[in-house]
Number of protein chains: 2
Amino acid sequence: MEPKIKIIVVDDHKLFLEGLCVLLSKQKNFEVIGKASNGKEALHLLNSFQPDVLIMDLNMPIMDGQIASEKVINLYPFLKILVLSMYNTVTLNADLKKLGIKGYLPKDTDSELLFSVINDIYDGKTYFKQPLEPCLPKNEFTLSDGFLKKHNLTHREVEILKLIGNNFSSSQIATKLYISIFTVDTHRKNMIQKLNVDNKNGLLNFAKENNLS
Amino acid sequence: MEPKIKIIVVDDHKLFLEGLCVLLSKQKNFEVIGKASNGKEALHLLNSFQPDVLIMDLNMPIMDGQIASEKVINLYPFLKILVLSMYNTVTLNADLKKLGIKGYLPKDTDSELLFSVINDIYDGKTYFKQPLEPCLPKNEFTLSDGFLKKHNLTHREVEILKLIGNNFSSSQIATKLYISIFTVDTHRKNMIQKLNVDNKNGLLNFAKENNLS
DNA sequence: TCGTATATACCGAGTATTAGGTATTTTTTT
DNA sequence: AAAAAAATACCTAATACTCGGTATATACGA
């Protein structure tokens with residue numbers, strides 16, 4: 001029997017951390033030798049334990065995953081790091097590659113893919129999941145009428161809300177939708193009232209929290 | 001031996017979903033009888049299986065957790081729903097209570113608390129974790145110098161960035177920090193350049209993605 | 001068909017942000 | 001002590017957002 005792949009997992013969401021560890025431990029060729037809730041704890045752990053693969057969440061308090069990864073790589077250049085994250089931007093993958101990280105996966109992948117990527121990385125390969133910008137345009141289809149009713153929004157308003165969430169200005173939105181800037185302003189104004197937020201930033205937050213961007 | 005508590009888990013992050021299910025299954029008085037990746041799937045599942053407790057994520061694509069919960073409660077008024085979420089706002093708990101949901105927990109709680117809350121809810125109690133606004137002020141202490149260096153930001157800039165992330169206007173920030181609005185503008189301008197974002201909204205996004213708010 | 005909801009467009013006045021600067025003081029580092 | 005970095009303050013002009021309105025055409029349901 002070949003030796004098990006030794007893994008340390010770092011994530012601040014404790015439920016996710018524990019769940020993931022159990023999931024990995026159930027695989028017969030993986031062994032979770034440690035877990036940490038933030039970058040600092042992870043560095044501490046690495047003083048005592050040397051894993052083959054380090055699974056690291058980005059977006060953690062105390063010490064951000066990217067910074068922690070940087071430090072880890074400086075200290076242990078041959079340690080293979082797999083990054084998990086919720087957000088994915090166009091430049092993120094490039095940044096991670098430059099850092100010397102061996103792989104990236106979004107948090108909504110299924111476990112089978114995770115397992116195979118861990119094996120691949122252990123074997124010296126790399127794997128970077130591409131962000132799917134053009135795919136999943138979050139069109140009308142995915143928006144239930146329930147969502148509209150719940151927030152008392154109309155289709156057109158949500159359409160504009162998405163554009164606001166994607167950081168377009170009123171005049172840009174007006175151009176894009178072939179309507180007057182006054183109309184865009186009106187819709188924005190109405191949404192601010194309906195959603196009970198203070199200003200455009202509130203709409204931006206709402207869009208982000210409801211995955212409208 | 002008393003009967004096990006039957007549970008269905010709904011979450012779009014597949015890794016989290018699988019991990020959580022395994023975690024729950026390992027407890028001897030829980031039995032996971034189903035899992036779903038969105039509200040629609042959950043409603044489908046409930047046609048065939050009746051759990052004692054439904055664990056539901058908010059913030060899902062296809063069908064949002066809150067809407068799904070509403071529908072579920074209409075169909076099965078006696079089903080106990082426990083909501084998990086990453087974001088927590090002041091009004092969220094109130095909304096959930098009004099809906100008839102039995103409990104709320106943030107996603108970074110540890111498993112022990114989750115287990116005990118599931119038991120409590122099963123026993124007819126409710127549990128709503130209070131949002132901790134004043135706590136965790138994300139002060140200078142939690143911000144590593146690494147973070148500053150990585151993004152080439154200064155302490156003062158991050159201080160202002162946090163306030164921008166918390167939706168304060170330049171003039172409000174100026175008042176709060178006892179400095180001129182011009183100074184705030186300068187810092188904002190510099191950060192927009194340093195972080196390579198388009199405008200204030202970009203800063204808002206950056207703040208949000210880096211947990212600065 | 002009649003009302004309601006929706007989408008559209010406009011006005012004015014005030015406030016905020018943005019993109020170019022320049023420039024001084026304070027703090028930190030060498 | 002000198003140099004570099006950080007924080008401070010100011011200017012102008014353009015653009016964007018906000019809040020108080022009003023108003024019309026169109027689509028949709030009872």
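Each chain gets a letter, A, B and so on, in the order the sequences are listed, and its residues count up from 1.
Going from atom CG of A/Asn167 over to atom C1' of D/dC17 covers 14 Å, rounded to whole Å. Between the C1' atom of D/dT18 and the CG atom of A/Leu203 lies a distance of 12 Å, rounded to the nearest Å.
Residue B/Asp198 is in sugar-phosphate contact alone, with no base atom involved, counting any heavy-atom pair closer than 4.0 Å across all strands shown.
Scanning all heavy atoms of the two residues, the minimum distance from B/Leu15 to A/Asp110 falls at CD2-C, 4.3 Å. Between A/Leu84 and A/Ile55, the shortest heavy-atom contact is CD1-CG2, 3.7 Å. Between A/Cys21 and A/Lys35, the shortest heavy-atom contact is SG-CD, 3.7 Å.
The pair B/Lys125-B/Asp120 counts as a salt bridge, with a side-chain nitrogen and a carboxylate oxygen less than 4.0 angstrom apart. Using a 4.0 Å cut-off between a side-chain N of Lys or Arg and a carboxylate O of Asp or Glu, A/Lys107 and A/Asp11 qualify as a salt bridge. Using a cutoff of 4.0 Å between basic side-chain nitrogens and carboxylate oxygens, A/Glu157 and A/Lys194 are scored as salt-bridged.
Of the residues in residues 169-177 of chain A, those placing a heavy atom less than 4.0 Å from an atom of DNA chain D are A/Ser169, A/Ser170, A/Ser171, in numerical order. For residues 178-192 of chain B, proximity to DNA chain D is found at B/Ile179, B/Ser180, B/Phe182, B/Thr183, B/Thr186, B/His187, defined as any non-hydrogen atom under 4.0 angstrom from a strand atom.
Which of C/dT17, C/dT8, D/dA6 sits closest to the side chain of B/Lys200 comes down to C/dT17.
Within the model, atoms CD1 of A/Ile179 and NE2 of A/His187 stand 5.5 Å from one another, a figure rounded to the nearest 0.5 Å.
A donor-acceptor contact closer than 3.5 angstrom is absent between the side chains of B/Asn38 and B/Asp12.
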